[in-house]
Protein chains: 2
Amino acid sequence: MSTAHHRKKQPLFVRQQLLDVAARLASEKGMTAVTLDAVSGASGVSKGGLLHHFPSKNMLLEALFESLLARLDAAIEEAMRADPMPHGRFTRGYLHACLALRDQPQGTKDWAQVTMVLLSEPQLRQRWRDWVRGRSEEYVGTDSSVDAAIVRLATDGIWLADLLGSHDMDEGARERLIGRLIELTQL
Amino acid sequence: MSTAHHRKKQPLFVRQQLLDVAARLASEKGMTAVTLDAVSGASGVSKGGLLHHFPSKNMLLEALFESLLARLDAAIEEAMRADPMPHGRFTRGYLHACLALRDQPQGTKDWAQVTMVLLSEPQLRQRWRDWVRGRSEEYVGTDSSVDAAIVRLATDGIWLADLLGSHDMDEGARERLIGRLIELTQL
DNA sequence: CATAACATACCAGTTGGACGGTTTCGTCAA
DNA sequence: TTGACGAAACCGTCCAACTGGTATGTTATG
């Protein structure tokens, strides 16, 4: 009835925007703030439109998590392409990808927080386990050393500390730490 | 009217039970499942009773988080008492406390998951930062080395991996890792 | 008997989601 | 080139269940 229908249709754009808004809400106000009304309202899309793209709230969350995993995969793959040494390559890719996602200027700091929030949902945790398992099987030939496991563990620790703002350390110490971690992947 | 009022009054027990139920709900079904109705229902206490102990939902969550921090503090302090060497004592205490909380048989595996869920709420994240800051100031004399920071970071990584079930490694590798971490705190 | 420890009843707002409508778009026959 | 047509991309409304919270009880306990 109103002019609302008359705007151009851009399904992919709208879909992405819905995911972005959901991510922003999750990182800024926590899981309890991610409601269908809030998401649809903040993105200028009706709830009907939202439920057209994502048939249920769970589907929305899963899609959001999936997009984050895809972004992580892409970042890892990019880092791995620039790495000539096969041994420990995936672990270095994982490390660099996590660090890069933090250092991106435009609010991709949200990325970590959204991941955190989503990981707190038990249903999505299984998806994460599957991802890790799949990766560790995929790179069992080059990245199954104890040291590599330690580096990946430490990467998670850095990721967690970054997002919580705890364990603040100066850049010098950070540089030395990262250098040491990379060294460990090469042993 | 019913016999509900006739049962014995045991405020501390009821209060603790409410916290336990909230923790269980959070770890099993995520933050969105922690509602006043769900908590009061699952603990056999009326919603009025719940709101008598915790005047608001936020107060309940804060109290829950506070109790977790208290438990962590206690575990650290206990570990530190058994440690004769001052240098790096807090960091070792932190490491041992996190490991001990994991190895406790009765569902204290929940502990990590609840912490995770609570940490995903932005309001409580600040409380965590304060805790870390307070601790790092308190032990600036004995635990401010770069290596100590690294160990605490790695501890967080282990904690995260344990709770997510990712990065699974055998006991041998784990033992070696922990040994190395302890060694680092002593340098 | 005063107060803390509960319970019961109720409320206004919000929740996820079902539903039926309207508009645009790709496509394919004429 | 057109234009009909089905599907996809939206919109707006309604609803039952649930949400956090209030107000007012009732009972046990010091």
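Letters A, B, ... mirror the listed sequences (proteins, then strands); counts begin at 1. Just so you know, these numbers come straight off a predicted model, no measurement behind them. Keep in mind that the numbers below use all heavy atoms, side chains included, and drop hydrogens, waters and symmetry copies.
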Could you tell me whether [X] atom [atom1] has more than 12 heavy atoms of other residues or ligands within 6.0 Å of it?
X	atom1	result
A/Gln186	CD	yes
A/Arg129	CZ	yes
B/Glu138	CD	yes
B/Glu77	CD	no

Expressed as a whole number of angstroms, how long is the span from [X]:[atom1] to [N]:[atom2]?
X	N	atom1	atom2	result
A/Gln17	D/dA9	CD	C1'	15 Å
B/Phe54	C/dA5	CZ	P	12 Å
B/His53	C/dA7	NE2	P	8 Å
B/Leu50	D/dT19	CG	P	13 Å

Exercise for the section: Could you identify which residues of residues 24-38 of chain B place a heavy atom less than 4.0 Å from some atom of DNA chain C, listed by residue number, or say none? Expected result: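 Listed by number, there are none.
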Under a 4.0 Å heavy-atom cutoff, the residues of residues 55-65 of chain A touching DNA chain C are A/Ser56, A/Lys57
Of the candidate nucleotides D/dC10, D/dC11, C/dC6, which contains the atom at the shortest distance from the side chain of A/Val14?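 Within the option list, the nearest is D/dC10.
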Of all the choices, C/dC6, C/dG17, C/dA7, which nucleotide is nearest to the side chain of A/Leu51 once you look at every atom?
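Out of C/dC6, C/dG17, C/dA7, the nucleotide with an atom closest to A/Leu51's side chain is C/dG17.
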*Can you check whether any acceptor in the base of D/dG12 is under 3.5 Å from a donor in the side chain of A/Lys47, or vice versa?*
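For A/Lys47, whose side chain was compared with the base of D/dG12, there is no donor-acceptor pair (under 3.5 Å).
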Quiz item: Just to confirm, is there a sub-4.0 Å distance from OP1 or OP2 of D/dC10 to any side-chain nitrogen or oxygen of A/His52?
Solution: no
Taken to the nearest 0.5 Å, the spacing of A/Leu51 CG from A/Leu60 CG works out to 9.0 Å
Classify the ring geometry of B/Phe90 against B/Trp131: parallel below 30°, tilted from 30° to 60°, perpendicular beyond 60°.
tilted
- Message: For a side chain to side chain contact (heavy atoms under 4.5 Å, CB included) check, start with the C-alpha distance between A/Leu153 and B/Leu160, then their side-chain angles and the critical distance, and finish with the verdict.
- Response: CA-CA 9 Å; A/Leu153 223 60; B/Leu160 191 63; over 6 Å; no
ask   = Side chains of A/Arg89 and A/Thr142: donor-acceptor distance under 3.5 Å anywhere?
value =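 Absent: no donor and acceptor within the cut-off.
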If I compare all heavy atoms of A/Pro122 with all of B/Ser27, which pair ends up nearest, and what's the gap?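 Shortest heavy-atom contact: CG-O, 3.8 Å.
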